[in-house]
Amino acid sequence: MESLSGYVYKAASEGRVLTLAALLHNHSEPEVRYLLNYVTQVAGQRSTPLIIAARNGHDKVVRLLVDHYKVDTEQTGTVRFDGYVIDGATALWCAAGAGHFEVVRLLLTHRANVNHTTVTNSTPLRAACFDGRLDIVRYLVEHDADIRITNKYNNTCLMIAAYKGHADVVKFLLERGADPNAKAHCGATALHFAAEAGHLEIVTELVRCQAGMVVNGHGMTPLKVAAESCKADVVELLLAHADCDPRSRIEALELLGASFANDRENYDIQRTYHYLHMAMTERHRDPDNVVAKELLPAIEAYGGRAECRTLPELEAIRADRDALHMEGLMIRERVLGSDNIDVSHPIIYRGAVYADNMEFEHCIKLWLHALRLRQKGNRNTHKDLLRFAQVFSQMVHLKERVVASPPWSRC
Ligand SMILES: *[C@@H]1O[C@H](CO)[C@@H](O)[C@H](O)[C@H]1NC(C)=O
Ligand SMILES: *[C@@H]1O[C@H](CO)[C@@H](O)[C@H](O)[C@H]1NC(C)=O
């Protein structure tokens, strides 16, 4: 029986329905039950014939199993998706996440529980939203899927679709009453996720549906998140948001310009100057009511410079790249706050550029400053120092920025 179960699993996995039928034929009912409940462990997955057939989109196999053999649709297993390991996934979850509409339809026709969640509380609907398949999302919702169930981080279906850039799914969920202002554990809303990822159409849609300009657990509004990640078009759109006061507007423009000055992928010093100039112009728009900067004390790592306070001061450094780089780092530290989790990456990046140019003293000063900021911002310094050491060695060996876990799994 043990080896027969291996053949049954393989036939289900490969969609060979005739082979599967032949293998199960002439066995007693308890034997068939044993074979179809048997959990096979292969390549980090643990699944039954039904789950693997659903995962791989073999609708004929799924039909044979649920129709003829009445296999329990609520069996769960461990499957891999896009490098993620999902525990407690049903056949429906797998089919929804892998984009197999016909399998989804079959399973729901056979009364699969549309709300059955995985161990991390992910629903089949969430899996479909991640994948961006509107047809499956719609079908699940029309079969009573609960759009309010969140994963264990209180992250909603709307958030995952917003982050992944599936505008049609976002619109559909909003039409069906998804709450645009729901907050994940980390305090982020769907608007934070869309802004960070730079999905302009989704940002527009969320704002149209009254998504608010709220701060997340790191004190960041969606506007700041967009500015910090160099999403200029999203920033320009959100500047017009109803809840955006003059100081937030100015700081967002400054943060955007500052971020363009020290980002490996988005480096653009012309845009740095452009946005810093816009911000400075806004600060001085009304000469009787100048919006003054609240400057931090000069920091040695930034060459002991002070931030520009007037247009002439800024114009004087227009062609001085190095000064603009340091201006950017100072602005980021002021606007984000020295304990912000994102503040240190560009400092480390800028240090690495110095190191590449053999300017080690500059590099070390910046890296030590970044280390101090990270210690300040994170109570768990042991873990943080380890991560920091990894960043160093990675940067030295690979010259690559280490990407933390993706936001949708963080919160
Ligand atoms: C799924 O959740 C929705 C909304 O709460 C509910 O109406 C529906 O009956 C649930 N379906 C199942 C199978 O539990
Ligand atoms: C997560 O959501 C649940 C249910 O909606 C709520 O009771 C809880 O307070 C939320 N937790 C956090 C940390 O936001």
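Atoms within a ligand are numbered from 1 in the order they appear, just like the ligands themselves.
- One finds no salt bridge joining Glu294 and Arg334 here, because no Lys/Arg side-chain nitrogen approaches an Asp/Glu carboxylate oxygen to under 4.0 Å.
- By heavy-atom distance, the residue among Asp146, Ile149, Val114 lying nearest atom 5 (O) of ligand 1 is Asp146.
- When all heavy atoms are compared, the tightest approach of Ile341 to Ser344 is O-OG, 4.2 Å.
- Per-residue contacts place Asn115 under 4.0 angstrom from the following atoms of ligand 1 (heavy atoms of the residue considered): 1 (C), 2 (O), 3 (C), 8 (C), 10 (C), 11 (N), 12 (C), 14 (O).
- Among Leu140, Thr123, Leu108, Asp144, the residue whose heavy atom lies closest to atom 8 (C) of ligand 1 is Asp144.
- Using cut-offs of 30° and 60° for the angle between ring planes, the Tyr275 and Phe260 rings count as parallel.
- Contact detail for Glu74 and Asn113: the closest heavy-atom pair is OE2-N, 2.9 Å.
- The two residues Glu307 and Ile331 make their nearest non-hydrogen contact at OE1-CG1, 3.5 Å.
- Those atoms of ligand 1 with a heavy atom of Arg148 less than 4.0 angstrom away are 5 (O).
- Within 4.0 Å of atom 2 (O) of ligand 1, at least one protein heavy atom is present.
- Heavy-atom contacts of Asn113 reach the following atoms of ligand 1: 12 (C), 13 (C), 14 (O) (cutoff under 4.0 Å).
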